[in-house]
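These figures come from a predicted structure and were not determined experimentally.
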Number of protein chains: 2
Amino acid sequence: MTQDDDKRLNDLRVDDLRRAFRRLGLRLTSQRVTVWRLFSDSTTGLTLPEACRALQEYAIGQATVYRVVNSLCELGFLLNIHGTNGEHRYLAGHPGHVHHLICRSCGHVREVTDCDLSTLEKLLAAQTGFAVEGHYLEFYGRCPRCGPSPG
Amino acid sequence: MTQDDDKRLNDLRVDDLRRAFRRLGLRLTSQRVTVWRLFSDSTTGLTLPEACRALQEYAIGQATVYRVVNSLCELGFLLNIHGTNGEHRYLAGHPGHVHHLICRSCGHVREVTDCDLSTLEKLLAAQTGFAVEGHYLEFYGRCPRCGPSPG
DNA sequence: TGAGTCATTGAGAAAAATTATCATAAAGGC
DNA sequence: GCCTTTATGATAATTTTTCTCAATGACTCA
């Protein structure tokens with residue numbers, strides 16, 4: 001698992017993207033592939049305006065960027081994380097239940113797959129009467145490259 | 001703890017607010033109190049535009065609303081939560097380390113104080129080399145009043 | 001493979017949200 | 001109650017997000 005982060009998600013075959021889009025009755029366009037590539041190359045995630053600026057180079061309009069990011073989110077290819085300043089960043093990830101470990105210094109993000117909060121969820125359900133359906137969990141700190149907090 | 005949610009945070013004395021502001025060299029103004037009251041009366045949190053609209057009634061300008069909400073966040077009186085549609089909502093809460101249980105149906109939020117993820121954090125630190133400094137955790141589900149998910 | 005259908009795109013406008021500016025108002029110290 | 005200094009409101013400016021619609025191009029079916 002240690003090296004999984006480095007081989008990013010470009011190896012997700014375009015055919016997988018096509019299948020996923022098709023499942024929603026959507027077509028696979030070159031723009032959608034390009035947007036996906038941009039995000040899957042990023043280890044920190046991008047905000048929507050950042051993505052728009054980066055994709056100008058490929059002559060992809062901003063309306064399209066917004067639309068594609070939304071679709072990729074719905075399909076589970078992109079996830080929302082909190083940037084260091086609270087801004088929304090979109091991060092490419094493996095579909096499924098994952099969490100993130102976010103470096104507050106450089107923004108590098110690493111996936112966390114092994115979390116088990118089910119007992120805590122049951123406890124909360126019993127205490128509060130809420131029907132707990134899921135959770136959103138992010139860890140933050142400093143990545144190995146940035147080293148421990150200064151001072 | 002069951003009834004703690006209902007007696008909201010209005011009982012936080014204005015003097016406490018003043019002391020907190022003073023600590024940052026800020027003055028306590030009627031606008032700041034009014035903004036605080038609005039948020040402390042809400043069990044679902046408000047977005048900034050929502051707050052601006054609500055505070056028009058009191059002739060508080062939107063620039064002020066943005067500034068005061070920022071201050072209240074820095075002081076720990078307001079916290080950021082994810083609304084049902086991913087939007088930022090600001091919620092009055094007791095300062096300190098708390099998490100939230102958010103109803104996906106009505107938006108009602110309840111504080112969760114008992115979480116212990118320290119062992120999980122240590123495990124992650126060992127596995128990844130990150131210096132884990134904290135976490136952000138939200139639970140979502142359906143509150144007792146809304147009942148379990150339909151269908 | 002080629003034509004037709006229909007979702008998708010880009011440009012631009014429009015709307016919404018956020019930030020900046022600055023003269024005026026008022027909080028807190030004396 | 002004055003005085004200093006911060007905070008406010010109105011307005012403008014900027015940024016972000018959404019909308020519209022003609023033109024393009026992906027996919028289906030023959």
Side-chain angles (χ1 to χ4, degrees), chain A residues 13-39 45-75 77-78 80 82-83 85-90, chain B residues 13-39 45-75 77-78 80-90:
Chain A
R13 310 297 303 281
V14 170
D15 280 347
D16 290 336
L17 261 191
R18 172 175 284 112
R19 261 192 294 277
F21 273 107
R22 291 301 309 288
R23 223 170 292 142
L24 294 192
L26 304 172
R27 295 172 180 176
L28 187 67
T29 63
S30 68
Q31 290 90 340
R32 283 173 174 166
V33 174
T34 304
V35 172
W36 166 249
R37 287 239 165 82
L38 175 71
F39 279 93
L46 296 106
T47 65
L48 280 163
E50 283 169 0
C52 288
R53 279 189 287 275
L55 290 164
Q56 279 180 338
E57 177 183 351
Y58 300 95
I60 297 182
Q62 59 175 2
T64 299
V65 177
Y66 277 77
R67 285 182 291 229
V68 174
V69 168
N70 269 350
S71 300
L72 289 171
C73 281
E74 282 175 21
L75 290 167
F77 287 103
L78 291 183
N80 236 299
H82 285 123
N85 299 313
E87 78 278 15
H88 274 157
R89 307 190 82 80
Y90 296 87
Chain B
R13 309 298 303 281
V14 169
D15 281 346
D16 290 336
L17 260 191
R18 173 175 283 114
R19 262 191 293 277
F21 273 108
R22 291 301 309 286
R23 222 171 291 143
L24 294 192
L26 303 173
R27 295 173 179 174
L28 187 68
T29 62
S30 69
Q31 288 91 339
R32 284 173 174 166
V33 174
T34 304
V35 172
W36 165 250
R37 287 239 166 82
L38 175 70
F39 279 93
L46 297 105
T47 65
L48 279 163
E50 283 169 0
C52 288
R53 278 189 288 274
L55 290 163
Q56 278 181 339
E57 177 182 350
Y58 301 94
I60 296 182
Q62 60 174 4
T64 299
V65 177
Y66 277 79
R67 285 181 292 229
V68 174
V69 168
N70 271 350
S71 300
L72 288 171
C73 281
E74 283 175 21
L75 290 168
F77 287 103
L78 290 183
N80 235 299
I81 63 171
H82 286 122
T84 303
N85 299 314
E87 79 279 13
H88 275 157
R89 306 191 83 80
Y90 296 87

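With a cutoff of under 4.0 Å to any heavy atom of chain A, the contacted region of DNA chain C is bounded 5' to 3' by C:dC6 to C:dA11.
For the pair B:Ala63 and A:Thr64, both in contact range of DNA chain C, the more 5′-proximal nearest nucleotide belongs to A:Thr64.
Between the CD atom in B:Gln56 and the CZ atom in B:Arg53 there is a gap of 8.5 Å [rounded to 0.5 Å]. Atom CZ of A:Arg32 is separated from atom CZ of A:Phe77 by 12.0 Å, given to the nearest 0.5 angstrom. With values rounded to the nearest 0.5 angstrom, A:Leu55 atom CG is found 10.0 Å from A:Gln31 atom CD. Expressed to the nearest 0.5 Å, how far CZ of A:Arg18 lies from OG1 of A:Thr29 amounts to 10.5 Å.
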- [ ] Give the B/S/- string for nucleotides 24-30 of chain D, one per nucleotide from 5' to 3', where a protein heavy atom under 4.0 Å of the base yields B, of only the sugar-phosphate yields S, and otherwise -.
- [x] -BBSS--
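D:dT6 atom P lies 12 Å from atom CZ of B:Arg32, rounded to whole Å.
For the salt bridge (charged side-chain N to carboxylate O under 4.0 Å, His left out) test, no residue two or more places apart in sequence or in another chain qualifies with A:Arg27.
Between the side chains of B:Thr64 and B:Arg67, a donor-acceptor pair is found at a separation under 3.5 Å.
Axis angle, first five pairs versus last five pairs of the helix from C:dT1-D:dA30 to C:dC30-D:dG1: 50°, rounded to 10°.
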Show me the protein contacts with nucleotides 14-17 of chain D, counting only N or O atoms at under 3.5 Å.
from	atom 1	to	atom 2	distance (Å)
D:dT17	OP2	A:Tyr66	OH	2.5
D:dT17	O5'	A:Tyr66	OH	3.4

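Considering only heavy atoms from C-beta on, A:Leu17 comes within 4.5 Å of A:Leu72 through its side chain.
Checked options A:Leu46, A:Thr47, A:Asn70, A:Val69; the residue passing with A:Tyr90 is A:Val69 (criterion: side-chain contact (heavy atoms from CB on, under 4.5 Å)).
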Distance-only donor-acceptor hits, side chain of residues 81-88 of chain B, under 3.5 Å, sequence neighbours excluded:
from	atom 1	to	atom 2	distance (Å)
B:His82	ND1	B:Glu138	OE1	3.1
B:His82	NE2	A:His82	NE2	2.6
B:Glu87	OE1	B:Asn85	N	3.1
B:Glu87	OE2	B:Arg89	NH1	2.7
B:His88	NE2	A:Gly86	O	3.2

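Annotation for A:Leu75 and A:Ala20: closest pair CD2-O, 3.5 Å, computed over non-hydrogen atoms.
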